[in-house]
Structures are given as C-alpha cells and as structure tokens.
> 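The structure is given below, and queries will be raised subsequently.
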Amino acid sequence: MNKYFNKDSFICSSCDKKQKLQSLVISLVLIVLFIFASFTFFNAVYAITDSLGAVVSGSIDVAIKEITRSFPIVMSMFMSIWGVLLAHGLFRNVNEERRNKSIKKNAITLLVFAGVNLLFIIIGLAIGKFRSLVEGSPSPLYPLDSILFSLVYVALGIFGLVYLKKLQDKIPYVVPSRGPIVTKARGLYCTFMSFWLLVVLFSFSCFWLGLFIYDFRHEYFFYGFAFLLVCFVNVVFLGSWEFYYNELKEENKKAFLLPIAIAALICSAISIVLYMVGLGTNMDAPSNGGFGILPVAFAASVNIATLIIVFTPLIVSVVALIKALVYRKKANKE
C-alpha cells in the first residue's frame, strides 16, 4: 500500500521547492475556480429549468421573460467553466506549444463571455429590463453581483494573456508535465471528460446545498443520505483523477491503474446499491425530499438527472478498468 503514496511515485518528487510551491498554488486556484463553477452551473441549470417549466405550461412569454432576466446567471456559468479551463491549461503543462495555445484560447473565450454579460446588463438597465442596479432577486445584489463577477473574470482573462506574453518572452514556467495529451479518439475523449466535468459540477453543488435544503425527515432520510453519498463519490472520483492519478509518474500510472480501477468499481457499486435501497424505502423521496435541489430532476416522472449522477461513477470505473486491462495486456506482450 505504501508504494501508492510514496513521494517518489509522483511527478513532483524531483522538483525543487519553487516548483512544488508553484504547483500547489495553481492547484488551489483550480479548486477555488471549480467551486465557483459548480455553484454557477447549479444556478444556471435552475434558471433554465424555470424557463422550461414556463414553456411546458404554455406560457411562452413568461419563459422568454425568465430566460432574458436570468441571462447573466447563465453567462456566469460559462465564465466560471472557462476560468477552470484557463487554470487547467497551466495545471496540465504538457509542452510549451500546447500550454500557450490553451491559455490564449481560454483567456480570449473568457473575456468574450464576460464582455457579452457586461454589455447585456448595461443594455438591460438602459431599456428597463432591469429596474435598478440592485433588484434583490434572485440574489440580494442582483444584477450588481453579476457585474462584479464578470469584472473578476475579465481580470482573470487579462492575467492569462499577460502571463502568456511573459511565457512567450521566455520567462520559465517550472511546473512539470501531468502526462501526455490523448491523441487517439481525442474527440470522444474530450466529450466524455466534458460530460464528466458537468456531472461533477452539479454533484458538488447538490452535495453541499443538499445538506441545507434536502428534506431529511425520517421517511426521506435514507434516500437523502444515499443520494448525497453518490454526489460525494462523483466529486472524489474526479479529484482522485486530477490530483492523484495525473500526478503519478507515467510508469506508475500504468502499474497502479488496475487496483485503482477495481477499488473505484467497488466504491461505485456500493454507492449505487445504497441509492437503490434508499429509493426502495420511499419511491416518493426523489420528488418530495429532493424537490428543492432541482425540481425537474426530482419530478416523479422525470428522474433522468439523478440517474445520470448515480451511474456516472460506475461508467468512469468501467472505463478505467478497461484501460487498465489494455495496459496489462500490452505489458504482457512486451
């Protein structure tokens, strides 16, 4: 067991103090931006859900009004996600060309989203879409808080471009590579990773918000516990992938993946069984106990979102297991 956590198994084992500190700072920034992205994603999905609810009820005018007023909330989601991608471009320092391309692309995209959001709010205030700079709903400072949020990400985008220029001027970036970028079936890989990221963003916000807004009365308690456990497993799996597996040296990745995949498969299976048992104790729990988390996801007839969250850890575990078996087969042939 010690070899899985031995410092010599990780990329940073050969780094000096400056390199380790820089890697730590970028990791912390990435985590903070992830938390922002999680809650803005949750808010955006909630706003879109309200608009879809108005469409289903036949109130198209209300739906248009709702989505127009919630546009800054949706844009905040895009800004937050691209902020994560910008920081991740520094975190996954593969080579100079890819790093610079990633920083430039994501910084410019981030500035576009933030600029569009600021322009939309200014125009909205001018034409009366927003009654004042502080309407007080859906948040106490809305839409002022959205303006401030946009300015933060404008600063982040500008920082990315300025830092890129310094990199291009040969100021060294000392954080080591986190492994090669996937080239085979890259489109499928990126689609899967993007889907996984969105599921984990929603799971993280569901877990923390669920602690406060889920109905944990006796008849819903076990289901609520099981669902939050599944959300937590989703977050742990992504965190383990990013901050453990991708930190391993390349030879250790191939050697350690099979036991890691088996452990993940066992954990995901246990969480699914507990969820199904919790669901069996009260079939009304998703729609009644969890309604406050996201109405459309927990509606009795539309439970797709919860099923996606529940089974994603299993899908990730199976993919990791297949990859590990392929590694093992290639190693045996060699």
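Remember, predicted model here, so these are calculated numbers, not experimental data. Sequence positions, counted from 1, serve as the residue numbers for this chain.
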> Heavy-atom count around Phe222 CZ within 6.0 Å, excluding the residue itself: above 12?
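Above 12, so yes.
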
> CZ of Phe256: more than 12 outside heavy atoms within 6.0 angstrom?
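Yes, the 6.0 Å shell around CZ holds more than 12 heavy atoms from other groups.
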
> Are any non-hydrogen side-chain atoms of Tyr4 and Pro259 less than 4.5 angstrom apart?
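In short, these two side chains touch, coming nearer than 4.5 Å.
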
> Indicate, with yes or no, if Ile108 and Leu119 share a hydrophobic cluster defined by side-chain heavy-atom contacts under 4.5 Å among Ile, Leu, Val, Met, Phe, Trp and Tyr.
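The answer is no; the residues belong to distinct hydrophobic clusters.
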
> Hey, could you give me the NZ/CG distance between Lys17 and Leu24, rounded to the nearest 0.5 Å?
14.0 Å

> Around atom NZ of Lys20, are there more than 12 heavy atoms of other residues, nucleotides or ligands at under 6.0 Å?
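Counting other residues, nucleotides and ligands, NZ of Lys20 exceeds 12 neighbours.
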
> Can you tell me if Asn282 uses its side chain to pair, donor with acceptor, with the backbone of Glu219 under 3.5 Å?
yes

> Check step by step if side-chain hydrogen bond (donor to acceptor under 3.5 Å, both in side chains) holds for Thr40 and Ser80.
CA-CA 7 Å; Thr40 56; Ser80 299; 3.0 Å; yes

> Shortest non-hydrogen contact from Ala87 to Leu33?
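Minimum heavy-atom contact is CB-CD1, 3.8 Å.
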
> Flag the pair Leu229 / Ile270 as yes when at least one side-chain heavy-atom distance between them is below 4.5 Å, and no otherwise.
no

> Going from CD1 on Ile308 to OG on Ser203, what distance comes out if it is rounded to the nearest 0.5 angstrom?
10.5 Å

> Between Ser205 and Phe42 (side chain of the first, backbone of the second, donor and acceptor by atom type, cut-off under 3.5 Å), is there such a pair?
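Judged by distance alone, no pair lies under 3.5 Å.
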
> Give the minimum heavy-atom separation between Leu30 and His88, together with the two atoms involved.
CD1-N, 3.8 Å

> How long is the span from the CD1 atom in Ile147 to the CD1 atom in Ile122, to the nearest 0.5 Å?
7.0 Å

> For a side-chain contact (heavy atoms from CB on, under 4.5 Å) check, start with the C-alpha distance between Arg69 and Phe130, then their side-chain angles and the critical distance, and finish with the verdict.
CA-CA 8 Å; Arg69 190 172 180 280; Phe130 298 104; 4.2 Å; yes

> Check whether Val74 and Leu148 end up in the same hydrophobic cluster, where Ile, Leu, Val, Met, Phe, Trp and Tyr are linked by side-chain heavy atoms less than 4.5 Å apart.
yes

> Are side-chain heavy atoms of Lys249 and Phe10 found at a separation under 4.5 Å?
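SC-SC contact between Lys249 and Phe10 ruled out.
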
> Working to the nearest 0.5 angstrom, can you tell me the gap between Thr109 OG1 and Lys104 NZ?
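One finds 11.5 Å between OG1 of Thr109 and NZ of Lys104.
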
> Just so I know, are the side chains of Leu201 and Ile81 near enough to count as touching, which here means a heavy-atom distance under 4.5 Å?
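Contact flag for Leu201/Ile81 side chains = yes.
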
> Would you call the rings of Tyr223 and Phe227 parallel, tilted or perpendicular if under 30° counts as parallel and over 60° as perpendicular?
parallel

> Quick check: are there more than 12 heavy atoms from other residues, nucleotides or ligands sitting under 6.0 Å from CZ of Phe225?
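No, not enclosed.
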
> So, is the end of the Lys253 side chain (NZ or CZ) under 6.0 Å from the ring centre of Tyr245 and within 45° of the ring's axis?
yes

> Please say whether more than 12 non-hydrogen atoms of neighbouring residues, nucleotides or ligands are located less than 6.0 Å from CZ in Phe221.
no

> Of all the heavy-atom pairs spanning Lys3 and Ser9, show the shortest one and how long it is.
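Minimum heavy-atom contact is O-OG, 2.8 Å.
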
> Counting C-beta onward and ignoring hydrogens, is there a side-chain heavy-atom pair between Trp208 and Cys231 closer than 4.5 Å?
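Contact flag for Trp208/Cys231 side chains = no.
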
> Would you say Trp241 has more than 12 foreign heavy atoms packed within less than 6.0 Å of its CH2?
yes

> Just how far is it from atom CD of Glu250 to atom CG of Asn252, taken to the nearest 0.5 Å?
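With rounding to 0.5 Å, CD (Glu250) is 9.5 Å from CG (Asn252).
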
> Show the nearest heavy-atom pair for residues Asn246 and Ile11, with the distance to one decimal.
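For Asn246 versus Ile11, the nearest heavy atoms are O-CD1, 3.6 Å.
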
> Taking C-beta and beyond as the side chain, do Pro138 and Ile73 meet within less than 4.5 Å on heavy atoms?
yes

> Go through the structure and list residues passing side-chain contact (heavy atoms from CB on, under 4.5 Å) with Ala255, not counting sequence neighbours.
none

> Indicate, with yes or no, if the rings of Tyr244 and Phe5 have centres closer together than 6.0 Å.
yes

> Side chains of Phe195 and Val199, heavy atoms from C-beta outward: is any pair under 4.5 Å?
yes

> Minimum heavy-atom separation for Val235 and Val200, please, with both atom names.
CA-CG1, 3.8 Å

> Decide side-chain contact (heavy atoms from CB on, under 4.5 Å) for Glu242 and Glu247; before the verdict, give the C-alpha distance in whole Å, the side-chain angles of both, and the deciding distance to 0.1 Å.
CA-CA 7 Å; Glu242 195 65 83; Glu247 291 290 298; over 6 Å; no

> Working note: Met75 + Phe120, criterion side-chain contact (heavy atoms from CB on, under 4.5 Å); need CA distance, chi angles, decisive distance, verdict.
CA-CA 10 Å; Met75 292 304 292; Phe120 180 87; over 6 Å; no

> Please report the closest heavy-atom contact between Val134 and Pro140, naming both atoms and the distance.
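For Val134 and Pro140, the tightest heavy-atom pair comes out as CG1-O, 3.3 Å.
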
> Report yes or no: does Asn106 contribute a side-chain atom to a donor-acceptor pair with the main-chain N or O of Ser102 at less than 3.5 Å?
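Between the backbone of Ser102 and the side chain of Asn106 there is a qualifying donor-acceptor contact (under 3.5 Å).
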
> Check each of Leu279, Leu274, Val273 against Val277 using the side chain to side chain contact (heavy atoms under 4.5 Å, CB included) test, and report the only one that passes.
Val273

> Taking atom CZ of Phe149 and atom OH of Tyr142, what is their separation to the nearest 0.5 Å?
12.5 Å

> Between Phe39 and Leu209, is there a side-chain heavy-atom distance shorter than 4.5 Å?
yes

> Between Ser150 and Asn117, does the side-chain hydrogen bond (donor to acceptor under 3.5 Å, both in side chains) criterion hold? Intermediate values first, please.
CA-CA 7 Å; Ser150 299; Asn117 193 46; 2.7 Å; yes

> If Ile, Leu, Val, Met, Phe, Trp and Tyr residues are connected whenever their side-chain heavy atoms lie under 4.5 Å apart, and connections chain through other members, are Ile67 and Ile123 in the same group?
no

> If hydrophobic clusters are built by linking Ile, Leu, Val, Met, Phe, Trp and Tyr wherever their side-chain heavy atoms come under 4.5 Å apart, do Phe192 and Leu257 end up in the same one?
yes

> Do the two ring centres, one from Tyr153 and one from Phe113, sit under 6.0 Å apart?
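They do not qualify: ring centres at least 6.0 Å apart.
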
> As a quick check of understanding, evaluate side-chain contact (heavy atoms from CB on, under 4.5 Å) for Cys267 and Phe237, giving each step before the final call.
CA-CA 10 Å; Cys267 290; Phe237 275 24; 4.2 Å; yes

> Restricting to side-chain contact (heavy atoms from CB on, under 4.5 Å), what partner residues turn up for Leu228, sequence neighbours left out?
Phe207, Leu211, Phe216

> Identify, with sequence neighbours excluded, every residue that meets side-chain contact (heavy atoms from CB on, under 4.5 Å) alongside Leu314.
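Residues passing side-chain contact (heavy atoms from CB on, under 4.5 Å) with Leu314: Leu265, Ser268, Ile272, Phe311, Val318.
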
> Is it the case that atom NZ in Lys254 sees more than 12 heavy atoms from other parts of the structure closer than 6.0 Å?
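Count not over threshold, so no.
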
> Is a side-chain N or O of Ser70 found less than 3.5 angstrom from the main chain of Ala47, in a donor-acceptor match?
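A pair under 3.5 Å: no.
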
> Are the aromatic ring centres of Phe204 and Phe34 under 6.0 angstrom apart?
yes

